[in-house]
Amino acid sequence: MKKFALYCALWAGMSGSAWADIKIGQTAGQTGTVAASVHEATLGAKLYFDATNARGGVNGERIQLISLDDKFDPKLTVENARALIDQGVVALFLNRGTPNTQALMPLLTEYKVPLVGPSTGAMVLHSPVHPWLFNVRATYRREAERAISHLSLIGVDRIAIVHVDDSFGADAVVGALKGLTAVNKQPLTLEKYDRAKPDFAPIMPKIVAVDPQAVLFIGSGTAIVEGMKALRATGSRAQMVTLSNNASAGFIKDLGDIAHGVVVSQVFPYERSIASPLVKEALELAKAAKVELTPSILEGYVSAKVLVEGLRRASPQPTREKLRRALETFNRFDVGGLEVSFSPGDHTGLDYADLSIVGPDGRFRR
């Protein structure tokens, strides 16, 4: 059996036993194209787990997060998940990627293990309902539709779309096209790029030829950075837009000088709005940990909050089956101004979607 590549040790503020009582497993791309946002989301989850453990854990049982690097490769995602399941994790948690999550779904059924808070908004994870998969964030279709609607409202009608050629890209495009249809428009052009070997050189001339006012980039991490840089290298000043899976400080840093003005959809409230009880709570913990709150950190934080509440309801000594049943009792569970609901026929969680823009200071603004 593949040995674990990385263990997340218990973090500051904990005392007592060297390991937690409740094992939670995470497989995500800690290296590779999505590393920046994975790092931030995991950090957000740790902020909440830290606070929970500092208060004595869940009914006296502490939480141990075991994280493995799958390099954003679905095959490695499955290998890691099997290793984590063999280690006795109560749940899988906060993995990254639509193809990666789809690859996990048969394992969830086979081993009857819940997956909580996958960091993807693909519709295939929502419908039909998978009995062991619990989404927290809104769908990509909702985000893409919201982005197109906003562009139309500000008079931007000439829109091109560039998307990754995989299940994530195809899914998000459905939302974008729905948004365009609602305003009686069609994309100027719809271009795909290869997930494993993105090459934007043959795509950009096609984009420039149609002279768009905006380009919606659907994809992940460094590939989208490359695509946006390639567009700017042509001299195009089109508004650049992408989805919340790229809502990390690392993404802005990688964009460098071209980050200012990029629109990024969001699936949680503004991370600097103390009017939001959720944000205020997370900001206090982030400040204590000397961390600047970002959208990706907030996503990990909320996902951890949902998981911990499920564990509380499944205690004492939560099992995989007890956790699944407990999560399905959520009826407008308040995570701080947002309400999460699950039932046997609905594992969607939240439907919140908003937009942000990267300001001249390199931070998201709304």
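Keep in mind it's a predicted model, so treat the numbers as computed, not measured. For the numbers below, each heavy atom of this structure counts, side chains included, while hydrogens, waters and symmetry mates do not.
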Determine, stepwise, if the pair Ser265 / Arg146 fulfils side-chain contact (heavy atoms from CB on, under 4.5 Å). CA-CA 8 Å; Ser265 59; Arg146 174 76 173 82; over 6 Å; no

Walk me through it: do Glu328 and Arg324 pass the test salt bridge (charged side-chain N to carboxylate O under 4.0 Å, His left out)? CA-CA 7 Å; Glu328 289 183 342; Arg324 183 188 68 80; 3.4 Å; yes

When you compare the side chain of Arg325 with that of Lys322, does any pair of heavy atoms fall below 4.5 Å? yes

Is the backbone of Thr222 close enough, under 3.5 Å, to the side chain of Thr33 for a donor and an acceptor to pair up by distance? no

Is the backbone N or O of Val210 less than 3.5 Å from a side-chain atom of Arg158, with the two atoms forming a donor-acceptor pair by type? yes

Can you list the steps and then say if Val113 with Leu107 is a side-chain contact (heavy atoms from CB on, under 4.5 Å)? CA-CA 8 Å; Val113 58; Leu107 288 184; 5.8 Å; no

Can a donor-acceptor pair be found, under 3.5 Å and without considering hydrogens, that links the side chain of Glu61 to the backbone of Pro316? no

A side-chain contact here means heavy atoms from C-beta on lying under 4.5 Å apart; do Ser303 and Val116 qualify? no

Are Ser276 and Tyr270 packed together at the side-chain level, in the sense that at least one heavy-atom pair is separated by less than 4.5 angstrom? no

Gly261 to Gln239 - nearest heavy-atom pair and separation: O-NE2, 2.5 Å

Less than 4.5 Å apart, any side-chain heavy atom of His163 and any of Lys192? yes

Are any side-chain N or O atoms of Gln26 and backbone N or O atoms of Leu65, one a donor and one an acceptor, separated by less than 3.5 Å? no

May I ask you to check whether over 12 heavy atoms, not counting those of Ile357, lie within 6.0 Å of atom CD1? yes

With the 4.5 Å side-chain cut-off for hydrophobic clustering, are Met105 and Leu84 part of the same group? yes

Do Arg232 and Arg237 make a side-chain contact, defined as non-hydrogen atoms from C-beta onward lying under 4.5 Å apart? yes

Met123 reachable from Leu216 in the ILVMFWY side-chain graph, under 4.5 Å edges: no

pair Leu133-Thr101: side-chain heavy atoms closer than 4.5 Å: yes

Heavy-atom neighbours of Asp257 CG exceed 12 at 6.0 Å: no

Which atom of Ala28 lies closest to which atom of Asn95, heavy atoms considered: CB-CA, 4.4 Å

Pairwise distance CE(Met240) to CG(Leu255) - rounded to 0.5 angstrom: 6.5 Å

Kindly determine whether Val291 and Leu285 satisfy side-chain contact (heavy atoms from CB on, under 4.5 Å), including the steps that lead there. CA-CA 9 Å; Val291 172; Leu285 292 178; over 6 Å; no

If only atom types and distance count, is the side chain of Thr42 paired as donor or acceptor with the main-chain N or O of Val38 below 3.5 Å? yes

Closest heavy-atom pair and its distance - Ala230, Met204: CB-CG, 3.8 Å

In one Ile/Leu/Val/Met/Phe/Trp/Tyr side-chain cluster, 4.5 Å: Phe342, Phe268: yes

Anything under 30° is parallel, anything over 60° is perpendicular, the rest tilted; go ahead and classify Tyr48 against Tyr301. perpendicular

Approximate separation, where rounding is to 0.5 Å, of Ile22 CD1 and Thr319 OG1: 11.0 Å

Between NE2 of His260 and CD1 of Ile252, what distance do you get to the nearest 0.5 Å? 11.0 Å

Once you round to the nearest 0.5 Å, how far does OG of Ser67 lie from CD1 of Ile24? 11.0 Å

Shared hydrophobic cluster, Leu355 / Ile218 (ILVMFWY, side-chain heavy atoms < 4.5 Å): yes

How many angstroms lie between CG in Leu92 and OH in Tyr111, if you round to the nearest 0.5 Å? 11.5 Å

Quick check: are there more than 12 heavy atoms from other residues, nucleotides or ligands sitting under 6.0 Å from CZ of Arg332? no

Return yes if a side-chain donor-acceptor contact under 3.5 Å exists between Glu191 and Thr189, otherwise no. yes

Looking only at atom types and distance, does a side-chain atom of Asp166 sit under 3.5 Å from a main-chain N or O of Pro99, one as donor and one as acceptor? no

What closest approach, in Å, do Asn59 and Arg312 show between heavy atoms, and which atom pair accounts for it? ND2-O, 4.0 Å

I want to check something: taking the side chain as every heavy atom from C-beta on, are Ser37 and Phe251 in contact at a cut-off of under 4.5 Å? no

Minimum heavy-atom separation for Ala45 and Phe93, please, with both atom names. CB-CE2, 3.6 Å

Counting only N and O atoms by type, is there a donor-acceptor contact under 3.5 Å from the side chain of Asn53 to the main-chain atoms of Ile63? yes

For a salt bridge (charged side-chain N to carboxylate O under 4.0 Å, His left out) check, start with the C-alpha distance between Glu145 and Arg142, then their side-chain angles and the critical distance, and finish with the verdict. CA-CA 5 Å; Glu145 184 179 357; Arg142 175 80 175 91; 5.7 Å; no

Check: Asp194 main-chain N/O paired with Asp165 side-chain donor or acceptor under 3.5 Å: no

Please evaluate residues Arg141 and Asp171 with respect to the criterion salt bridge (charged side-chain N to carboxylate O under 4.0 Å, His left out), reporting the C-alpha separation (whole Å), side-chain torsions for both, the decisive distance (0.1 Å), and the verdict. CA-CA 7 Å; Arg141 291 186 186 183; Asp171 182 75; 3.1 Å; yes

Distance in Å, Thr294 OG1 paired with Arg363 CZ, rounded so as to fall on 0.5 Å steps: 11.0 Å

Do Met228 and Leu151 land in one hydrophobic cluster if side-chain heavy atoms of ILVMFWY residues count as linked below 4.5 Å? yes

Does a side chain donor of either Thr120 or Thr98 reach within less than 3.5 Å of an acceptor in the other side chain? yes

Given 3.5 Å as the limit, does a donor-acceptor pair link the side chain of Arg195 with the main chain of Gly169, or not? no

Would you please say whether a donor-acceptor pair under 3.5 Å links the side chains of Arg137 and Ser244? yes

Take Ser296 and His39, measure what side chain to side chain donor-acceptor pair (under 3.5 Å) needs, and give me the verdict at the end. CA-CA 9 Å; Ser296 289; His39 170 76; over 6 Å; no

List the steps and the verdict of salt bridge (charged side-chain N to carboxylate O under 4.0 Å, His left out) for Lys75 and Glu79. CA-CA 7 Å; Lys75 291 182 180 179; Glu79 291 179 20; over 6 Å; no

Between Pro74 and Phe72, which heavy-atom pair has the shortest distance, and what is it? CD-O, 3.6 Å

Could you give me the CA-CA distance, side-chain angles and deciding distance for Val340 and Leu350, then say whether side-chain contact (heavy atoms from CB on, under 4.5 Å) is met? CA-CA 6 Å; Val340 177; Leu350 296 171; 3.6 Å; yes

Please tell me if the side chains of Ser167 and Val124 come closer than 4.5 Å, counting only heavy atoms from C-beta onward. no

Is the number of heavy atoms from other residues, nucleotides or ligands under 6.0 Å of Glu321 CD greater than 12? yes

Is there a donor-acceptor contact under 3.5 Å linking the side chains of Arg313 and Thr329? yes

Check whether any side-chain N or O of Arg272 sits under 3.5 Å from a backbone N or O of Phe364 as a donor-acceptor pair, and report yes or no. yes

